[in-house]
K.L.:
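Here it is, the structure in full.
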Amino acid sequence: MKRIYWQSITLILAVALFTTGCKKFLERPPEGQMTEEEALKDENGVLDFLNGEYTLLGDGDFMGGRLQSLTDMLADELDGSRFTGDFSEIYKRQNSIFGDVRNNFYKKGYRIINVANGVLRKLSLVSAGNADNVKGQALFFRGVAHFELVRLFAQPWGYTSDNSHYGIPLRNEIVIGSVQRATVKQVYDQVIADLKDAETLLPETFTGNYKATRWAAKAYLAKVYFQMNDFANAYKYAAEIAANSMFVPDASHSSRFSPGLSREGILVIANEATRFQPGSELRGNYRSDLNIPVLNFTSQFYSFVNADPLDVRKSWYSNTLQSGYYVTTKYNKDFFDLPIVHLTEIKLILAESGAEIASSNAAALTNAITNLNQLMTRAYGGTTRNLATNATAALVISTARRERELELVAEGSRYHEIKRIGARNGTNVDRRGSVWNCNGFILQFPKGEQDAFAPFIMNPEGGCF
């Protein structure tokens, strides 16, 4: 893995591409800021513009903490008794039009999409040797942002039999003004198309820069198909990645976010001490060694993660560091690398998906057990808790789901699992007692969408309790 080239990274942050709450999203930029045409006037400008996507993706308002915080607040692991304002409303699954916490996440997601579209519009300025790479990166970012937005602002894939329920606005070009929501099927179809194109356009590796490769596109395709409960395709992509010797399971859980120490990262935004330090909101909301964190866990969840005396992941938690609170130590670092997608998550997708298709692919079940046992050997300090080589598919599925929650705590996974499992077979696994498809279990759109376009269809108001 290599580092991002940060030349002129602030350029992208100054370009006004998307403003929610205005009558038009793309009016004249504020005085002193560049227009798109001024920024994208030659190949260097396009490359600088594209490099800025990594900053936007790792920003605290998006995958640098906001996505994880929003999903964790909606899920069932946190203690919400101290929440106020936006956090309280989101935690209570009340789903109203108010709240900058949600709005800023939404705006940042569409800024990433519009930057990608701006780059795609200017491919004619890019030399032939760079064109595939530039196009592939732009499509990758557009696919990722649409996917992360639709998972929070729409009911999941499977909510309706044909997925004709409303998704999010689909922006495949820079659009002035608001547009109507596409269906969930239309959004997922576009996400998959963008990621598959990126898979073919991006190189195997990069030299000199920490950037998305075709393996990052494959990893996100595994995530997308898994969210759709399309286990055959999820397994296909996850198995390809797990078999690639470029990605190696870390010996210690502490390496995942430690600068320069992890070998699991399929796409990682590296800490750059003098340029960009990703994950600001992860530290701000979860860090527990300096004071009581904003986000802490319920006693029920604390008991769950401490149930097995052999589980070395217990070191991620404390009930004494901040007396009276159950906190995570996962983000107790001044700086860290931010993995956007990593091998542990992919192996967990492989394990559950392989078990799901075992009736038609016996080798997939064997591979699922092997990969799951690799994670469990690390987690329990040996093979004591490993599954037998002849474990049933049902046992592999239930074990993979448990290990996913334990491995990906405070990484925004649990909420999506509640929704995915509910859509899979109607099972409600939420510990707070909501049904998986209640109105408040998704976020409401910013009011600016409807202000700019009166026919815009908002999500139903209401809660889950």
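All values below come from the heavy atoms of this structure, side chains included, with hydrogens, waters and symmetry mates left out. The model shown is predicted, which means the values in this text are computed figures rather than measured ones.
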K.L.:
Quick check: are there more than 12 heavy atoms from other residues, nucleotides or ligands sitting under 6.0 Å from NZ of K330?
P.N.:
yes
K.L.:
Are E240 and K236 close enough for a salt bridge, meaning some N to O gap below 4.0 Å?
P.N.:
yes
K.L.:
Examine the side chains of N117 and R171 and answer whether a donor and an acceptor come within less than 3.5 Å of each other.
P.N.:
no
K.L.:
Taking Q444's backbone N and O only, do any of them form a donor-acceptor pair with R102's side chain (distance below 3.5 Å, no angle check)?
P.N.:
yes
K.L.:
Return yes if a side-chain donor-acceptor contact under 3.5 Å exists between E411 and H342, otherwise no.
P.N.:
yes
K.L.:
So, applying side-chain contact (heavy atoms from CB on, under 4.5 Å) with R404, which one of L375, T344, L348 is it?
P.N.:
L348
K.L.:
A cation-pi test, strictly: NZ or CZ of K108 under 6.0 Å from the centre of the six-membered ring of F105 and no more than 45 degrees from its axis. Yes or no?
P.N.:
no
K.L.:
Between R420 and E352, is there a salt bridge with N-O shorter than 4.0 Å?
P.N.:
yes
K.L.:
Tell me whether the rings of F445 and F153 are parallel (<30°), tilted (30 to 60°) or perpendicular (>60°).
P.N.:
tilted
K.L.:
Indicate whether any N or O donor in one side chain lies under 3.5 Å from an N or O acceptor in the other, for E272 and Q277.
P.N.:
no
K.L.:
Is it the case that the side chains of D79 and T298 hold a donor-acceptor pair, with the cut-off being a distance below 3.5 Å and no angle test?
P.N.:
no
K.L.:
Scan side-chain atoms only and decide if N386 and T377 contain a donor-acceptor pair under the 3.5 Å cut-off.
P.N.:
yes
K.L.:
Is the distance between the ring centroids of Y54 and F141 less than 6.0 Å?
P.N.:
yes
K.L.:
So how far is it from D430 CG to D76 CG, rounded to the nearest 0.5 Å?
P.N.:
5.0 Å
K.L.:
Taking atom types as modelled, find out whether Q322 and N291 have a side-chain donor-acceptor pair closer than 3.5 angstrom.
P.N.:
no
K.L.:
Is R402 atom CZ crowded by more than 12 heavy atoms from other residues, nucleotides or ligands, each under 6.0 Å away?
P.N.:
yes
K.L.:
Please find out if less than 6.0 Å separates the ring center of Y326 from that of F301.
P.N.:
no
K.L.:
Sequence neighbours excluded, which residues qualify as ring pair (Phe, Tyr, Trp, His ring centres under 6.0 Å) partners of Y415?
P.N.:
F441
K.L.:
Looking at Y225, F226, Y188, which one forms a ring-ring contact (aromatic ring centres under 6.0 Å, His included) with W157?
P.N.:
Y188
K.L.:
Counting the benzene-type ring for Trp, do Y302 and F297 have ring centres under 6.0 Å apart?
P.N.:
no
K.L.:
Taking the side chain as every heavy atom from C-beta outward, state whether D334 and R287 have any pair of such atoms under 4.5 Å apart.
P.N.:
yes
K.L.:
Distance only, no hydrogens: is a donor on one side chain within 3.5 Å (strictly under) of an acceptor on the other, for K314 and N306?
P.N.:
no
K.L.:
Counting heavy atoms not belonging to F304, are there more than 12 under 6.0 Å from its CZ?
P.N.:
yes
K.L.:
Is it true that E345 and K223 have a side-chain N and a carboxylate O under 4.0 angstrom from each other?
P.N.:
yes
K.L.:
Filter on ring-ring contact (aromatic ring centres under 6.0 Å, His included), then keep only pairs touching residues 353-410, sequence neighbours left out; what's left?
P.N.:
none
K.L.:
Give a yes or no on whether the ring-centroid distance for Y110 and Y106 is below 6.0 angstrom.
P.N.:
yes
